[in-house]
Amino acid sequence: MANWRERTYCGEINLGHDGQSVVISGWVDTVRDHGHLLFIHLRDIKGLIQVVFDPTVATDMVVARSLRSEFVVTVSGVVRRRADDTVNSKLLTGEWEVVAHHMEILNKALTPPFAISDKEVDGAVCVDEDLRLRYRYLDIRRPSVQSSLVTRHAILQEVRRFLSDHQFIEVDTPVLTKSTPEGARDYLVPSRVHQGSFYALPQSPQLFKQLLMVGGLDRYFQITKCFRDEDLRPNRQPEFTQIDLEASFIDEEFIMQLVEGLLHRVFAVRGIELPSPFPRLTYADSMNRYGNDHPDLRFGLPMIDVTETVRSVNYNIFKTIISSGGRIKGINVKGQSDKLSKNVLQEEFAKKVVPSLGAKGMTWMRVENNQLVSNIVQFFTDSEQSALRQVMQAEDGDVLMFIADSSPRLVNDVLGRFRCYVADFLGIIPSDVVAPCWVTDFPLFELIDGQLSAMHHPFTQPSGTIDSGMNRDTLASVSARAYDVVINGVEIGGGSIRIHSPEQQTTIFEILGLSESDIRQKFGFFIDAFKYGAPPHGGLAIGLDRLVAMVLGTDSIRDVIAFPKNRMAVCPMTQAPDTVDPEQLSDLGVAVTVPVVR
RNA sequence: GGGGGCGUAGUUCAGCUGGUUAGAACGCCUGCCUGUCACGCAGGAGGUCGAGGGUUCGAGUCCCUUCGCUCCCGCCA
């Protein structure tokens, strides 16, 4: 019945169709009934076209007058160039219209709970997200959402082609797999055949891709779902997609160059140019200058340590903090003095924003007439002021802001976040700049409550040699052959050169506190594999959802996932997760011990 | 788990120090309209103010509890 052989897409009607008969199918976007003539905009995935129903031509005027928004129709008619004074310049197809001869309503539609048409000024862009997700199929019908998913597709195509061109083989790995310690909480799947045992959904295909290297596949990639049962954020979903890759007989440089090339191609999908090569900074530099391991390099405002500069200043707060081993760091907001009133600096920033970020307070100074101006400047001698101006590279019109705390870690953390807050507040983050970088030389371990744990993951190769006889502090200072790629302050991907020696891998597990039986039970197959000739290898994984969101300039990966879950990890459309029949639980040998409230 | 914000018509929102019958815009329905395109004109319908409790002569507004959504922190090798 459907005339798909002759179908023309609404959004593709152009000069080439002038005077031709066409069949178009889609959804009614708007209806304008003039009593005599009736116009509709018909929408499909390619765009909109105006259809004219003229009673002297159309055979179905009565039916046409019953059309409502979102009815599904197919129209056959003739493409006609519009009269000059009726061209709609807001429409890509605005020079053309289809004069309807026949029209068939394929399906009626209820009035949608929110506007579908992106033409609506107060349109669905601002509609409550939970409502959009409940009717996600309607939300997807909106051109802006379709466009995001089409871009995601285009990016996936680029990734596949680029990696295939570089001799990478796409292999898929199991979704039902084995739970391993460390990392995030697992999603578990009970086994019916082996009651009391569980599969875990993979947090990443890490072990499998390394085993593919042992299998001699040399270069592997996969675009795959990963699962982590942790609390959600705008850029964190319980299931998300990774571009996972691994290669043998390579080093860090290979991976970095490959990924830079890949990212250039991906951003080119939307005509965005990236610098080449990406700037690199070490973990230590990043922490010191930006307060975290995912620096936003779109704007300046690096953090400057002034602890030594103000060590002798006779200001009690600073003296107390310095004597207890604390640090004082600042940022110089260049030339923004007139935009930062005393009220904002003191009442807003110092009393509200900074405390909410976790520090006790914030000290600020203006630079005027080559002098520091502040309520605490009286405690500084002329030479101390001069030294401070020099360290901060302070000039007239600048505002200096300092955070001091007895915990150097807290200073980094709070000032790092405050730096971003101030940049956003002042609107000095350029919207047309994409600033990628590599962060390297991560610590291999971090010390959490006196226990060493892997910072990246336990398969990362140390930069030097280590052995289980080394003490904790020594081990905590060992760096890893790991690297993260960061764009605009968002970690987009990360990876490392892996351990390929069974002895070294065992040593790492031991350092992490795994017993010999734990190692055998959890990773025995993995260590065994290394005993049969594992090649040196390494790789990286990119968060596809974050990458697509970055290309599209949106903050939430929910905008680039067809059916995302909400903040509570619930799908508002299907209402998953849900209870199951007692028989299902019985089959699985699973008993629910919490009261079920729905 | 901790902290912040929000919840009023189908949608997006307004609703003052508590005070008649809770409003606007868009959408929806009916009619009119020969070129509109955010069509226009005339008329109309539509509300458990998230839920429960309390204070009060009187609660959308104040208090308590609770539910939902959202943002930040924790968490996320």
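As a basis for the values below, the full set of heavy atoms in this structure was taken, side chains included, without hydrogen atoms, waters or symmetry mates. Throughout, protein chains are lettered first and strands after them, A, B, ... in sequence-line order, and every chain is numbered starting at 1.
- By the 4.5 Å heavy-atom criterion applied to side chains, A:D484 and A:F442 are counted as neighbours.
- With respect to A:D128 and A:R132, no salt bridge is recorded, no charged nitrogen being found less than 4.0 Å from a carboxylate O.
- Among B:G10, B:C69, B:G35, the nucleotide with an atom closest to any side-chain atom of A:N566 is B:C69.
- A straight line from CZ of A:R80 to C1' of B:U36 spans 13 Å, rounded to a whole angstrom.
- Comparing the P positions of B:A24 and B:G15 gives an interatomic distance of 15 Å, to the nearest angstrom.
- Donor-acceptor pairing under 3.5 Å, judged by distance alone, is absent between the side chain of A:H36 and the base of B:C33.
- A donor-acceptor pair under 3.5 Å is absent between the side-chain atoms of A:R520 and the main chain of A:G524, judged by distance alone.
- Distance, A:D186 CG to B:C76 P: 13 Å, rounded to whole Å.
- Ion pairing between a basic and an acidic side chain is recognised when a charged N comes within 4.0 Å of a carboxylate O; A:R481 and A:E252 show such pairing.
- Ring to ring, A:F39 and A:F53 are not that close: their centroids are 6.0 angstrom or more apart.
- Here, B:A38 and B:G52 have their C1' atoms 43 Å apart, quoted to the whole Å.
- For A:D54 and B:U34, the CG to C1' distance is 9 Å, given to the nearest whole Å.
- Proximity note for A:F39 (side chain, C-beta onward) versus B:U70, B:G27, B:G35: the nearest is B:G35.
- With salt bridges taken as basic N to acidic carboxylate O contacts below 4.0 Å, one links A:E230 and A:R185.
- When heavy atoms are screened at a 4.0 angstrom cut-off, A:R134 is found touching no nucleic acid atom at all.
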For nucleotides 72-75 of chain B, print each protein N/O atom paired with a nucleotide N/O atom at under 3.5 Å, atom names and distance only.
{"residue": "B:C73", "atom": "OP2", "partner": "A:R233", "partner atom": "NH1", "Å": "3.0"}
{"residue": "B:C73", "atom": "N4", "partner": "A:R233", "partner atom": "NH2", "Å": "3.1"}
{"residue": "B:G74", "atom": "N7", "partner": "A:R233", "partner atom": "NH2", "Å": "3.0"}
{"residue": "B:G74", "atom": "O6", "partner": "A:R233", "partner atom": "NH2", "Å": "3.1"}
{"residue": "B:G74", "atom": "N1", "partner": "A:D231", "partner atom": "OD2", "Å": "2.7"}
{"residue": "B:G74", "atom": "N2", "partner": "A:D231", "partner atom": "OD2", "Å": "3.3"}
{"residue": "B:C75", "atom": "O2'", "partner": "A:E230", "partner atom": "OE1", "Å": "2.6"}
{"residue": "B:C75", "atom": "O2", "partner": "A:R236", "partner atom": "NH2", "Å": "3.1"}
{"residue": "B:C75", "atom": "N3", "partner": "A:R236", "partner atom": "NH1", "Å": "3.2"}
{"residue": "B:C75", "atom": "N3", "partner": "A:R236", "partner atom": "NH2", "Å": "2.8"}
{"residue": "B:C75", "atom": "N4", "partner": "A:R233", "partner atom": "NH1", "Å": "3.4"}
{"residue": "B:C75", "atom": "N4", "partner": "A:R236", "partner atom": "NH1", "Å": "3.3"}

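- When distances are taken from the side chain of A:R558 to each of B:C39, B:C28, B:U70, the shortest belongs to B:U70.
- When rounded to the nearest whole Å, the span between CE of A:M568 and P of B:C71 equals 12 Å.
- Interface remark: the A:E129 side chain does not form any donor-acceptor pair with the B:U70 base, using a distance-only criterion of under 3.5 Å.
- Remark: P of B:G68 and CG of A:L131 are 17 Å apart, rounded to the nearest angstrom.
- Among the atoms of the strands shown, none is found under 4.0 Å from any heavy atom of A:E491.
- What separates CZ of A:R32 from C1' of B:C32 is a distance of 18 Å, to the nearest Å.
- Each of B:A38, B:C37, B:C71 was ranked by its minimum atom distance to the side chain of A:K90; first place goes to B:A38.
- B:A38: no Watson-Crick or G-U partner with both key distances under 3.5 Å is found in any strand.
- B:A22 is unpaired under the Watson-Crick or G-U wobble criterion, no partner having all donor-acceptor distances under 3.5 Å.
- Across all strands shown, B:G1 forms a Watson-Crick or G-U wobble pair with B:C73, both key distances being under 3.5 Å.
- Using a distance-only test at 3.5 Å, with no hydrogens or angles considered, a donor-acceptor pair links the side chain of A:D44 to the main chain of A:K46.
- You'll find that the side chain of A:R82 is closest to B:U36, out of B:U36, B:U70, B:U34.
- Across the protein-nucleic acid pair, A:I49 atom CD1 and B:U36 atom C1' stand 14 Å apart, rounded to whole Å.
- One interatomic measurement links the two molecules: CZ of A:F114 to P of B:C13, which rounds to 14 Å at whole-angstrom precision.
- Between the side-chain ring of A:H34 and the base of B:U34, no stacking contact exists by the 5.5 Å and 30° definition.
- Looking only at side-chain heavy atoms (C-beta outward), A:V62 and A:R65 stay at 4.5 Å or farther from each other.
- Checked by distance alone, A:R65 brings no side-chain donor or acceptor within 3.5 Å of a matching partner on the base of B:G31.
- A side-chain hydrogen bond (donor to acceptor under 3.5 Å, both in side chains) with A:H537 is found for exactly one of A:H500, A:Q461, A:Q210, namely A:Q210.
- Counting only heavy atoms from C-beta on, A:N88 has its side chain closest to B:A38 among B:A38, B:U36, B:C29.
- Checking B:G27, B:G35, B:U11 against every side-chain atom of A:V127, the shortest atom distance belongs to B:U11.
- Counting non-hydrogen atoms under 4.0 angstrom, A:D85 reaches nothing in the nucleic acid.
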